[in-house]
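Structure, as structure tokens:
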Amino acid sequence: MKEKIKPWLYLLPAVLFLGVFMVYPIVDVFIYSFEEGYNSASQSFFGTGTFNYSYVLHDAYFLRALKNTFIIVIITVPLSTGIALLIALGLSSVKKIKELYQTVFFLPYVTNTLAVGLVFMLLFRKTPYTDGFVNMLLNALGMSTVDFIDGPYWAKMFVMCFYTIWVVMPFKVLILTSAIASVNQDYYKAARVDGTSEFRIFGTITLPMISPMISYLVITGFIGAFKAYSDEVAIFGTDLNSAGMNTIVGYIYDMLYGDSGGYPSYASAAAIILFAVVLTITTINLMVSGGFSVTGKAKK
Amino acid sequence: MKITLKHLTKIFPNREKGKPDVVAVNDFDFSIPDGKLVSLLGPSGCGKSTALNLICGLEKPTKGQIFFDETDVTERSPRDRGVGMVFQSYALYPHLTVRKNIIYPLKNFKGDKKLTKEEMNRRAEEAAKLVQISELMERRPSELSGGQQQRVAIARALVKMPEVLLLDEPLSNLDARLRLQTREEIRRIQQETGITTIFVTHDQEEAMSISDIMVVMKSGTLHQMGEPQEIYDSPANLFVAKFLGTPPINVFEGRLEKGTVYIGNDAVLKIRKPGGGDFSDMPVYVGIRPEGFMPDAEGSFVAGLKALEVMGRDTSVVFTHDDTVSEVTRAIISSKKGLNTGDGVVRFSVLPEKLHIFDKETETRIPFEV
Ligand SMILES: Nc1ncnc2c1ncn2[C@@H]1O[C@H](COP(=O)(O)OP(=O)(O)OP(=O)(O)O)[C@@H](O)[C@H]1O
Ligand SMILES: [Mg+2]
């Protein structure tokens, strides 16, 4: 009897903490999302149903946020992972400068994202007084200038994706360089003695060996990109709706506190929709990446 | 294929400043005849793996040349040398089945050497049959025992039908019984295929039992090359004598005095220079193989008895002697007849062919006649 209680006793603080700060809010949000006409002042509601969902799904702001989020996710996750892999491969093949460059590449990661955002804004902005650095470059190359911060949608999306990729890059490069470094050198030696081309070595040894790390990066990348918000604020300011660059999390935040504020039911419904989307994508990801297990256990 | 090394040297720069560079392979200059199994024997860190890596092309020599038959391959990449290699860790690709592991090298063939899928499968199955793993083809390496993995590694090295096979301590990950079994297996495969094979090991017994020719090395330097029995019977120097044989040779401080080998006060053996002539007096190391002691009540070699260990057929006599340099001194005798242990003293006579004397300075063996 005593033996059965003991482990739970050890777990109690963690269970309590998770229960109060994670499970309870999730359940609460779920309940909120079905309460119609909730009034935060009186903490009362008219009835239950799916109206909140249908409101959110018909809200032009939400649809725009959904579209923005999906574009960011679909562009930045594969691109950042792919570029990070190229950089990591490059770094791994030049041993001597590896350590130095690892620090350099990691710098953006330890730098505050808001500060990085500010720099990006200054680089890409075009004001009546100055064209900004990027536009000066475009000018020099004989291309027409464009305001990336307050201009056409594609330009803003370009900056947004560029920035997102930039910010996540160091972490991915670091993870991938260490994954590549941890592959047993004997595999490479054996392959080289057998006259294997570098290209085939990459495809048949390096890639399968580091694939668990790649799927880890893709999965966390998807989750992170779906939850993007602060990056957008860093570049376009807090009024993301008028900039047309809002994201789902930004929409949720606006619904809770923004100018249109005080609609926790709508916010909850949007949060549950986001949760469902992320859950679906992650499940698909896990199912796909299960095929590349390095431990050699065949997938069933 | 005959392999010839000409003044082959590999020096690794030392990363720590002020420390001397590591000479991993020092001026190797010898030939390995076609179709023989040659073992590279030496203690850990003496440069055995480096020598193999030079031969297969994974490392570039600092100096010297490598010839396959009459062709200089020093500047060739591993791909163009076409040797088969088995690594100490086997280096089987864990995400591929045994079949795919074995086929792996075949897929690198280009041009008119390119094989069809059927041919690849056929060759893989042949190789698998040779090492007797035909029924394991669809498993992954993690689902195999150490010995089976080892065979897969050999099959993968053999499948491209190399003319040179390099094995880097292929047995060191196996348990004692499997080692014995696998080493016979390697011998059998080598003899069936006739591939020139270099077998690296730090286990002298393994090297003695498996090889046609043995190369004994230490700290990158070749100490002796020859047939195992020949090296055992006439070691070039004290290191080789000590490195070969279990239990190891017993070494004593001794001297030559009026043509007689003395250990302490015991006049062990009367000797002459080969072809006649007397030795001048000098201090020497005297090495006597454990099997060189004969219990003899009248024997000239007197020692204190420490322990008698019965090892089935033979008996091991652990004894003490004031002039010994070895940590343990022992004799292996087949019969206890004549071994008088009453007063804690044992007397032996010594077989001349099991006794070696070594120069005290250079530690090289001094040949003699009785
Ligand atoms: N890449 C390297 N850089 C610097 N020194 C090296 C390198 N490879 C080997 N050495 C050194 O060269 C010497 C010989 O190494 P090697 O691996 O050939 O020994 P070995 O005889 O195979 O030993 P073991 O039986 O332990 O495998 C060692 O002193 C080792 O430290
Ligand atoms: Mg080695």
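Residue numbers begin at 1 in each chain, while the letters A, B, ... track the order of the sequences. No experiment lies behind these values; they were computed from the predicted model shown.
- When heavy atoms are compared at a cutoff of 4.5 Å, B/L166 does not approach chain A at all.
- In this structure the side chain of B/Y104 reaches within 4.5 angstrom of the side chain of A/T196, judged on heavy atoms.
- For A/F275, the CZ atom sits in a loose shell: 12 or fewer heavy atoms of surrounding residues, nucleotides or ligands are nearer than 6.0 Å.
- Between the OG atom in B/S89 and the CD atom in A/Q185 there is a gap of 11.0 Å [rounded to 0.5 Å].
- In terms of heavy atoms, B/H95 sits closest to A/T204 at NE2-O, 2.7 Å.
- A/I205 and B/Y93 make their closest contact through CD1-CE2, 3.7 Å (heavy atoms, listed as atom of the first residue, atom of the second, distance).
- No more than 12 heavy atoms of other residues, nucleotides or ligands lie within 6.0 Å of CD in B/E70, so this atom counts as exposed by the packing criterion.
- The closest donor-acceptor contact from the side chain of B/N108 to the backbone of A/D194 lies under 3.5 Å.
- In terms of non-hydrogen atom pairs under 4.5 Å with chain A, the most contact-rich of B/N53, B/D80, B/L92, B/T97 is B/L92.
- Using a 4.5 Å heavy-atom cutoff, the side chains of B/C56 and A/K189 are not in contact.
- For the set B/P105, B/P141, B/A157, B/G84, the count of heavy-atom pairs under 4.5 angstrom toward chain A peaks at B/P105.
- Around the NZ atom of B/K113, the shell of radius 6.0 Å holds no more than 12 heavy atoms that belong to other residues, nucleotides or ligands.
- Listed here is the closest heavy atom pair of A/A190 and B/F87: CA-CE1, 3.4 Å.
- Heavy atoms only, all atoms of each residue included: A/R192 and B/P78 are closest at O-CB, 3.4 Å.
- Distance OG/A/S197 to NZ/B/K107: 12.5 Å, rounded to 0.5 Å.
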